[in-house]
Structures are given as structure tokens and as C-alpha cells.
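Keep in mind that this is a model prediction, so the values were computed, not measured.
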Amino acid sequence: MDKFMERAIELAIENVHDGGQPFGAVLVKDNNIVAEGVNELHKTFDVSGHAELLTIRRSQEQLQTNNLSNYIMYASGEPCPMCLTAMYFAGIDKVFYCASVEDAVEAGLGKSKAIYDYLKRPKTERTLSMIQMSLGEDQVNPMKLWNK
């Protein structure tokens, strides 16, 4: 097994021993570890405290960039939709993972699969109500302001 995946698995195991979920992540560039993370939901009570997201945050803060092109993520488990989206936004080029979403379901951690399935539905069939509102006539449009 690759040394970076071994580290991601080691982090996941340590996190389970610490009372957390079995997820660890390592971000690599040029064969060097840039940042690591584990799911910290059990410590921070923050649903965004996933291993991959924390690893991305730490990397971007350390490097003072939003662009993680040419970086590789090693994750003990297949990334959830939130983490996958963050990787797309950050420009991460490649992800290696061990446990699949289906493996997570078998372990009692099925939320990722449920969300992946949920996102396949049309907006009209989703249970989270999303309603678009218009700006007032006298309000500055932030999108147009950005475009200038």
C-alpha cells in the first residue's frame, strides 16, 4: 500500500480510538505531505469538520491560496458530497480512497450514500425547501458588483 494511504488509514484508526469516526485524510504535493486531518465532529460539533475539508482548510491557510491544483488527496474513505465539492472548488486533481460509500453504509455511516442519492433527484422532489427570492429594486446586486 502507498505510504500516503497508510498514513490516512493510521489517522482514521487513531481517530476511532479517540472516539471519532474512521476517517483520515492526507493532502500531498510533489511526494510530500502538505496537511492532514481526521473527522472532528465528536470534538467540535461542526458538521463540516470532515477529514478532507479540514485538510483542505489547513493547506489553504498554510499556503495562502485557494488553488490546490496538482495536489492529491488520500482519504481513508470515499469522500462525501460536501468534501468532494470542496475538492472541486479547490482544484484538487486526484483522490485516492480505500473504503467505499457502500462500505460506510455497512459500518452504519450511510449518510453520504443517502445524500449522493438525494442529489440525483430534481429540486422539486427534494425535502429541503429551496426558494429563490428576488433582490429589492434599490438593492445592490452582489453578483453584478463582483462582475465589475
Side-chain angles (χ1 to χ4, degrees), residues 1-133 141-147:
M1 180 179 284
D2 180 278
K3 67 181 178 179
F4 301 120
M5 185 56 77
E6 284 182 5
R7 180 62 182 147
I9 298 297
E10 180 181 296
L11 289 166
I13 291 168
E14 289 172 6
N15 203 43
V16 169
H17 289 306
D18 190 39
Q21 294 178 346
F23 300 106
V26 175
L27 191 65
V28 174
K29 183 171 185 184
D30 298 329
N31 214 31
N32 293 304
I33 294 175
V34 177
E36 315 179 318
V38 296
N39 274 37
E40 296 182 1
L41 285 81
H42 65 296
K43 292 181 179 179
T44 62
F45 306 101
D46 174 2
V47 296
S48 70
H50 288 202
E52 300 91 337
L53 260 179
L54 294 173
T55 301
I56 290 169
R57 286 180 188 151
R58 290 173 183 143
S59 300
Q60 291 179 328
E61 183 177 354
Q62 173 189 335
L63 301 168
Q64 293 294 289
T65 185
N66 292 322
N67 184 356
L68 298 177
S69 298
N70 302 314
Y71 287 73
I72 301 170
M73 181 70 75
Y74 291 81
S76 62
E78 185 173 355
C80 75
M82 175 178 62
C83 293
L84 179 64
T85 301
M87 288 181 221
Y88 274 109
F89 275 118
I92 292 172
D93 299 311
K94 190 179 287 186
V95 180
F96 292 100
Y97 65 91
C98 276
S100 68
V101 169
E102 291 75 21
D103 294 330
V105 169
E106 288 180 25
L109 299 164
K111 200 141 221 166
S112 288
K113 178 159 179 12
I115 294 170
Y116 272 122
D117 292 344
Y118 180 79
L119 291 172
K120 292 176 188 175
R121 297 180 184 182
K123 287 181 187 177
T124 56
E125 293 179 18
R126 297 180 189 168
T127 57
L128 177 61
S129 179
M130 294 179 58
I131 303 160
Q132 184 176 13
M133 297 177 69
N141 183 322
M143 295 293 180
K144 289 182 180 176
L145 181 63
W146 169 258
N147 203 20

[X] versus [Y], closest heavy-atom pair with distance:
| X | Y | answer |
| --- | --- | --- |
| C80 | S112 | CB-OG, 3.0 Å |
| Q60 | L68 | CG-CD1, 3.9 Å |
| S59 | L27 | OG-CD2, 3.1 Å |
| S76 | P22 | OG-O, 3.3 Å |
| M73 | A25 | SD-CB, 3.9 Å |
| F23 | N15 | O-ND2, 4.3 Å |

Nearest-0.5 Å distance that lies between atom [atom1] in [X] and atom [atom2] in [Y]:
| X | Y | atom1 | atom2 | answer |
| --- | --- | --- | --- | --- |
| S100 | K113 | OG | NZ | 10.0 Å |
| L11 | N39 | CG | CG | 11.0 Å |
| I72 | D30 | CD1 | CG | 9.0 Å |
| E10 | E36 | CD | CD | 8.0 Å |
| L145 | M143 | CG | CE | 11.0 Å |
| W146 | N141 | CH2 | CG | 14.0 Å |

[atom1]/[X]: more than 12 non-hydrogen atoms of other groups inside 6.0 Å:
| X | atom1 | answer |
| --- | --- | --- |
| Y97 | OH | no |
| Q62 | CD | yes |
| K29 | NZ | yes |
| Y116 | OH | yes |

key: Stepwise side chain to side chain donor-acceptor pair (under 3.5 Å) test for N67 and S69   = CA-CA 6 Å; N67 184 356; S69 298; 2.6 Å; yes

Is there a donor-acceptor pair closer than 3.5 Å between any side-chain N or O of [X] and the backbone N or O of [Y]?
| X | Y | result |
| --- | --- | --- |
| D2 | F4 | yes |
| T55 | A35 | no |
| Y118 | T127 | yes |
| E78 | V101 | yes |

request  = From the options Q21, E40, M82, select the one residue that forms a side chain to side chain contact (heavy atoms under 4.5 Å, CB included) with H50.
outcome  = M82

task = Run through V28, N31, I33 and flag the one making a side chain to side chain contact (heavy atoms under 4.5 Å, CB included) with K3.
result = N31

task = Decide yes or no on side chain to side chain contact (heavy atoms under 4.5 Å, CB included) for I56 and I92, but give the supporting numbers first.
result = CA-CA 9 Å; I56 290 169; I92 292 172; 3.9 Å; yes

ask   = Can you check whether I115 reaches K111 side chain to side chain, under 4.5 Å on heavy atoms?
value = yes

message = Run V95 and L84 through side chain to side chain contact (heavy atoms under 4.5 Å, CB included) and show every step you take.
response = CA-CA 9 Å; V95 180; L84 179 64; 5.5 Å; no

